[in-house]
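Worksheet: one structure, shown below.
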Amino acid sequence: MEPVTTLPTESHTEFDAQPSVRGSWRTYGQPVSVALVSGGLVLILRETGILVGAAAVAVAVICFVLAPGTRQFSDRFMLAAALCIGWLPLIGWLPRIESRIDLPGVLLAIAVGIVAARQLRQGRRGPRTVQLPSAAEWIALGLGALTSLWWARPFRGMTTSGILGTLQNIGYDNVTHFGMFRSNLRLGSFVQAQPTLPGRVSRLGYDYPQGIHQAWAQLTRLVQPHVSLASASLLHTYLTVLLVTAGGAVALGCMAVCRLCKEDVLVAIPAMAVVLALFAVGTFTPFDGFANFELAIVAVATAVTLMVRPTLSPGWNFFAVAGMGLVAAYNWYPVVALMAPALVVASLRAWRSSHGRARVAMTVVICGTALAYLRPVTTFSHRGLSWLNQPTSSLATPWGLLILVVAALITLACVRQVSDPDLWTNVVIGGAAVMGGGAVVFFAAYEVHSTGSVPYYGQKLASAVLAICAVVLVAVAAHHLVRSRARKRLPTLLAVALSGLLAFAALQFDGYVGPSVLSPFPSNNAGGIALRKLVFQQPRRSIDAARVLLAAQRTGGRPGRWFYLEPNPPSGIRSILLAQWFLVLHGDPANEDSFAPTLDGTYSASQLAHAVRATYPYPEENGFHLFVPAWLRRAIAEQDAAWGRPGRLFVIPTPTSI
């Protein structure tokens, strides 16, 4: 037997641990260091004024392309939208946070750090970027961009006074939204986070949800960290964010369609045409003073479609669905009802897919999200139901079409359940129609009982339900058409012809779209086209608006309660609009001041002076200051010595240029 030779064993020294330490450094240390350095560099460049404007936007887009996560473009677009207009505005609950730190800069630094660390750690092991958009996704992005450009065209060449005059004429609520946007910028938070002025007087917008206004403020600070609150520049900024909102709403709705049928652009195009008909050229455009309303509608429709063929993990799908729901909750709460089934199902799926400590964390996240949904209710619930009885309405819902679309969506959900059983997804689809229809019935019944008709809010909710159900209907139907045998058998040329024909037909969903000479009923043209034509007709300059701007500039920052009173303006514009625009341009108005009477009517100077003294008594004790026409100033001063003292009455200024 041969002897067994034992090989000597290697002696282990302290140097043998060195490779594992080096590997640990490469795995964790280097990415963390790169993240800290790159994030710090972003903050330095922001502070020095280099990484602002277009450069900041470009870096944000690069982060979108290179960030870790899903590589599907439409999925990543949904997550980015949910983050930017749903989750990030919640920071507005922290008082003055954005006035103390460059919050968008900090968020951009974090994003750059994550991207840099991920790219370093990824190496050459796999794809580093999001996938290139499909043809349908490129079209969705293009339609969004074209919508913004299409709406920007009639504003070209307008002076600041022209922009203000146009905003006054095309949308009564523009003044309120501009005021809350300005307040979110100035306060660095929601108005609800600091709801009262010195003296315990409520600020304008103290009980109004402000998700879109906070999102606008964060976008503005991303581009310009030290934003100017001067009236002229801020009006241009407001117009810019309206244009971005118009294009963004169209892109989001079209991307919801693309996610379900991006592999077949010919099927996607007619469905996207419905989105275009509603949110680009139809009733729902942000320039009429309802920007928050339109964005909430698109977000709710998107949230419902996200539950059809989920392409994200349960956790991220919950993030996207809940984020879209937050857009609705912080902009126009009643439409949350339509996506409530989607939110509940997404929450349950995310909770069931997690285990151990992850389930505990998910439970905390879901409960925190529920609180975020309930928080806006605490600010406006004091109004009760009487606010539903606002008498006037510029909306006229096509009730027959509403019933047809709601019934079609319920039918589609039932057919899906029979042919392709998926109970909870079909509950989400049909639930949007059932919850929406039920809400309309409740609103309408209450308003008919109270006022004898269906006025403003009933019409508004009905139009929202129609739009949401229509987008969900065409998106889900397109999804099934892509997979159908009929589509696969259809010749290419015939498919192209049918796609174009259906797209043109879909554009007529919310009013006639096409050459005006071919319009069969001019009064039934799409609302957006009519509104854009009205913008073209507005003067490039406005003397009334220029006076308001000049008065606000002369008094900005001065203490006291300032008012602008011009009874029966010669131009015919409503004096209440001039008064309210002066308040929001001047500074930080009280909510009650925006409802001060403007004394329009046929009165003598003496009668008007008496009415002013009754409306604004004891000017010195109350800190009142008034801008009035010269003839009214003389009449007031003759009747009341207190008003005649210096610094109380001012003549409405006449600008040298407008």
Side-chain angles (χ1 to χ4, degrees), residues 158-169 172 175 178-179 230-232 235 538-590 592-658:
M158 281 190 182
T159 64
T160 303
S161 67
I163 292 173
L164 176 55
T166 300
L167 292 174
Q168 289 173 343
N169 290 329
Y172 184 90
V175 60
F178 175 84
S231 303
L235 277 168
Q538 299 302 304
R540 304 293 95 180
R541 296 171 174 82
S542 169
I543 183 64
D544 287 324
R547 288 170 178 164
V548 171
L549 282 166
L550 186 56
Q553 290 168 2
R554 289 183 177 180
T555 61
R558 296 176 63 177
R561 297 173 68 183
W562 292 79
F563 297 90
Y564 186 100
L565 184 61
E566 185 177 9
N568 306 310
S571 64
I573 191 172
R574 296 179 64 185
S575 58
I576 184 66
L577 287 175
L578 298 177
Q580 290 181 340
W581 273 103
F582 169 79
L583 286 174
V584 299
L585 291 168
H586 163 72
D588 194 7
E592 64 184 47
D593 289 348
S594 66
F595 298 101
T598 52
L599 310 178
D600 282 336
T602 305
Y603 305 103
S604 67
S606 176
Q607 290 173 322
L608 281 171
H610 180 76
V612 169
R613 291 174 51 224
T615 305
Y616 306 96
Y618 308 109
E620 293 185 353
E621 291 85 345
N622 291 315
F624 290 145
H625 307 269
L626 278 178
F627 276 97
V628 294
W631 57 268
L632 184 55
R633 182 181 186 274
R634 288 192 298 269
I636 296 172
E638 289 173 359
Q639 292 187 12
D640 193 329
W643 273 113
R645 294 190 179 97
R648 293 296 163 191
L649 285 174
F650 298 84
V651 175
I652 293 174
T654 300
T656 56
S657 63
I658 57 174

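Along the sequence shown, the residues carry numbers beginning at 1. What's counted below: heavy atoms across the whole structure, side chains too, no hydrogens, waters or symmetry copies.
Looking at every heavy atom in both residues, Arg554 comes nearest to Pro653 through NH1-CB, 3.3 Å. The shortest non-hydrogen separation linking Gln168 to Leu577 is O-CD1, 3.5 Å.
At a threshold of 4.5 Å between non-hydrogen side-chain atoms, the residues His625 and Arg558 do not count as touching. Side-chain contact between Leu549 and Leu235: present, with at least one pair of heavy atoms (C-beta onward) separated by less than 4.5 Å. Between Thr160 and Leu164 the shortest side-chain heavy-atom distance does not fall below 4.5 Å. Side-chain contact between Leu585 and Phe178 is present, with at least one heavy-atom pair separated by less than 4.5 Å.
Counting only distance, with no hydrogens or angles, the side chain of Asn169 and the backbone of Gly165 share a donor-acceptor pair below 3.5 Å. Side-chain atoms of Arg561 do not come within 3.5 Å of backbone N or O of Pro559 as any donor-acceptor pair.
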#### Entry: Derivation of the ring pair (Phe, Tyr, Trp, His ring centres under 6.0 Å) call for Tyr564 and Trp581
CA-CA 9 Å; Tyr564 186 100; Trp581 273 103; over 10 Å; no
### Message
Show, in sequence, the C-alpha distance, side-chain angles and deciding distance for Ser161 and Thr159, and conclude whether the side-chain hydrogen bond (donor to acceptor under 3.5 Å, both in side chains) test is met.
### Response
CA-CA 5 Å; Ser161 67; Thr159 64; 3.0 Å; yes
### Task
Carefully, step by step, assess Phe627 and Leu550 under the rule side chain to side chain contact (heavy atoms under 4.5 Å, CB included).
CA-CA 11 Å; Phe627 276 97; Leu550 186 56; over 6 Å; no
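Among Ile652, Leu565, Thr555, Val175, the single residue meeting the side chain to side chain contact (heavy atoms under 4.5 Å, CB included) criterion with Phe582 is Thr555.
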